[in-house]
Amino acid sequence: MCRRVPPEGDYVFSVFSRAVRASWRGRACARAAAAVAVSGLLAAGAITGAGAAQADDGTQQEGGAGATLGGLETYGTAVLHDSGHDEKIPAGLFRMTVDGGGTLQTYCIDLHNPTQTDAKYQETPWSGTSLSQNKDAGRIRWILQNSYPQVNDLAALARKAGAGSLTEQDAATGTQVAIWRYSDGADVDAESPAAEKLADYLQRSARDLTEPSASLSLVPSAVSGHPGERLGPVTVRTNADALTVTPPAEAASGGVRLVDAKGEPVVSASNGSKIYFDVPEEAAAGSAALTVQGSTTVPVGRAFTSDSRSQTQILAGSSESAVSATATATWAAKGPVPALSARENCAKGGVDITAVNKGDAPFTFTLMDTEYSIPAESTQTVTVPLQEDQAYDFTIRGPHGFTKRLRGVLDCRTASAALAVTSDDGGLRPQATTRPSPASVGGTGTPGQDLAETGSSNATPIIAGAAIALVVVGGGALFLSRRKKTPDQQND
């Protein structure tokens with residue numbers, strides 16, 4: 001919710017029942033035990049702390065903008081009605097600072113979850129968030145496009161809403177309230193009558209829109225093949241006018257070039273550009289990466305997820321902001337030549353591991369005690385199932401020195417959906433779960449406070465449950481250690 005995180009990890013649960021508070025204490029003990037186990041793995045060098053999906057070197061996995069959460073910038077007060085309790089909460093616009101330059105304005109989705117001070121966020125497809133399971137996600141985008149700050153003529157907005165007049169605080173509050181009604185199914189009202197009029201108008205008028213495209217992505221993010229070939233293409237998808245293409249030092253020193261379809265060197269790109277890795281015939285087996293970067297305005301409605309289990313945000317406005325994306329290539333003369341990638345898939349409740357084998361022999365790997373074999377010149381996707389809020393840590397090593405590490409926390413449902421079911425009287429009733437309890441929604445917003453006081457400490461939470469170590473060794477084996485059943489094999 002939209003209040004500053006209190007110091008010393010002080011948890012408050014004014015909205016939730018004593019049963020939920022007791023459940024949280026039990027889960028806190030479980031997390032403490034999990035922390036001990038994780039510490040042991042850290043000492044052994046097996047895993048590290050979890051965060052949103054990112055590579056070990058900090059490169060962005062999905063591409064686009066990365067940002068740091070600043071604070072609530074323009075906001076007022078809302079009243080949340082939950083289980084017979086009325087709770088005043090701040091509601092409005094957050095500000096984010098973009099890595100490399102730029103600022104973003106965002107609204108909250110998943111209001112019961114905490115916001116972490118200075119949390120790092122990454123532009124993320126809806127498929128990796130609770131929006132993937134929300135039939136009203138497109139209506140949220142409509143609200144963003146037809147309200148503040150995209151519509152800054154407050155007099156005109158007030159006339160449409162029948163609100164008399166609107167201040168910026170009213171406009172931000174009413175917009176956030178309308179979003180919460182669709183993102184969380186929340187029974188929430190704006191305290192200001194004008195803001196409430198706006199919220200009702202936006203909720204009533206919202207229409208379904210499609211998901212906006214990423215500000216920058218590379219498709220696919222991994223390619224493979226043989227020396228003497230052009231590996232790719234890697235297609236650039238962006239709304240930026242111009243981008244810089246940077247080859248890695250090891251590719252340049254090894255004779256690998258970045259070229260277009262005609263074999264001409266590539267140093268810049270735009271939407272639709274196709275980039276190839278031109279690998280010399282005499283090149284030893286190996287791998288390399290390219291980086292594409294530039295600046296653009298991030299499309300309204302893009303989701304942003306955190307590396308520290310901080311509340312998911314949705315974009316309301318963007319300045320010219322830095323964006324970047326990375327793609328990798330692997331090559332070898334003989335045997336299996338896999339290109340490996342991973343992304344969160346909320347529709348399937350897990351992380352998709354995709355292997356493309358461009359080699360002349362099958363790529364065989366073992367996952368959860370089950371062996372899979374990807375024939376030469378084919379593609380296979382395996383979904384690793386995860387519990388909601390579970391931390392994961394994948395280290396993917398392929399043949400010829402290729403390494404990619406992905407770590408994060410699966411965050412596919414709003415806290416209210418994950419922890420409660422609808423009771424006969426329409427209220428929310430605690431649901432037995434081994435997942436962490438949502439943070440408090442207690443307290444009242446005060447002007448000057450930066451962040452939501454959500455009942456979470458500034459420390460990144462360690463999620464109960466085993467973290468995952470996923471290793472692809474040489475050209476053959478893929479191992480996964482985790483307390484779950486074998487995932488179903490999925491075909492593209």
Side-chain angles (χ1 to χ4, degrees), residues 1-2 65 67 70-80 88-96 98 102-109 111 126 131 134-213 215 239 296-304 313-321 445 447-448 452:
M1 179 114 17
C2 299
L72 274 170
E73 180 181 53
T74 307
Y75 65 100
T77 301
V79 181
L80 178 66
K88 290 186 178 181
I89 55 175
L93 274 171
F94 282 93
R95 174 178 288 271
M96 287 181 159
V98 178
T103 58
L104 307 176
Q105 291 174 300
T106 60
Y107 286 107
C108 308
I109 53 177
L111 82 166
W126 286 3
L131 296 175
N134 188 335
K135 63 181 178 58
D136 293 318
R139 297 179 187 272
I140 296 173
R141 187 187 179 197
W142 186 96
I143 291 170
L144 293 165
Q145 290 187 336
N146 290 274
S147 191
Y148 184 78
Q150 288 300 306
V151 177
N152 55 19
D153 185 343
L154 298 184
L157 189 59
R159 285 194 297 273
K160 287 183 178 180
S165 63
L166 290 168
T167 64
E168 290 183 344
Q169 289 75 18
D170 288 334
T173 304
T175 304
Q176 177 65 92
V177 165
I179 289 171
W180 277 336
R181 291 173 181 174
Y182 281 126
S183 66
D184 292 74
D187 183 2
V188 60
D189 301 313
E191 188 175 60
S192 162
E196 175 65 10
K197 287 279 190 180
L198 176 61
D200 289 343
Y201 159 73
L202 294 172
Q203 181 184 14
R204 182 175 63 251
S205 303
R207 301 293 181 266
D208 191 31
L209 298 180
T210 59
E211 177 181 2
S213 299
S215 61
N239 63 347
T296 187
T297 55
V298 182
V300 170
R302 289 296 288 171
F304 280 78
Q313 304 279 308
I314 192 163
L315 188 72
S318 168
S319 71
E320 190 77 6
S321 298

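On a predicted model such as this, the values are computed, not experimentally measured, just so you know.
- Across all their heavy atoms, Y75 and P90 have their closest contact at CD1-CB, 3.7 Å.
- Under a 3.5 Å cut-off, the side chain of W126 and the backbone N or O of G138 do not form any donor-acceptor pair.
- Here A206 pairs with R139, W142, I143, Y182 under the side chain to side chain contact (heavy atoms under 4.5 Å, CB included) rule; sequence neighbours left out.
- In this structure the side chain of T297 reaches within 4.5 angstrom of the side chain of E320, judged on heavy atoms.
- Atom CZ of R302 sits about 12.0 Å away from atom OG of S318, to the nearest 0.5 Å.
- With values rounded to the nearest 0.5 angstrom, L131 atom CG is found 8.0 Å from E211 atom CD.
- The distance from the OH atom of Y148 to the OG1 atom of T167 is 9.0 Å, given to the nearest 0.5 Å.
- If you take OG1 on T74 and CD on Q105, they are separated by 7.0 Å, rounding to the nearest 0.5 Å.
- Shown here are the side chain to side chain contact (heavy atoms under 4.5 Å, CB included) partners of A316, two or more places apart in sequence or in another chain: L93, Y107, L144, P149.
- With sequence neighbours excluded, the residues satisfying salt bridge (charged side-chain N to carboxylate O under 4.0 Å, His left out) with E196 are R181.
- Of all the heavy atoms in L166 and L154, the pair that sits closest is O-CD1, 3.6 Å.
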side-chain contact (heavy atoms from CB on, under 4.5 Å), that's the test. Do R141 and T210 meet it? Break it down for me. CA-CA 8 Å; R141 187 187 179 197; T210 59; 3.9 Å; yes
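- In terms of heavy-atom proximity, S321 sits nearest to L104 at OG-CD2, 3.9 Å.
- The CG atom of D136 sits 8.0 Å away from the CG atom of D208 when rounded to the nearest 0.5 Å.
- At least one side-chain heavy atom of L80 sits less than 4.5 Å from a side-chain heavy atom of L111.
- The two atoms that bring S147 and A171 nearest to each other are OG-O, 4.5 Å, heavy atoms only.
- In this structure, T77 OG1 and Q169 CD are separated by 10.5 Å, a value rounded to the nearest 0.5 Å.
- The heavy-atom pair separating P212 from P299 by the smallest distance is CB-CB, 3.9 Å.
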Pair T173, D170 - check side chain to side chain donor-acceptor pair (under 3.5 Å), show working. CA-CA 5 Å; T173 304; D170 288 334; 5.7 Å; no
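- Of the possible polar contacts, one joining the Q176 side chain to the C108 backbone as a donor-acceptor pair under 3.5 Å is found.
- Considering all non-hydrogen atoms of both residues, A65 and S215 come closest at N-OG, 3.9 Å.
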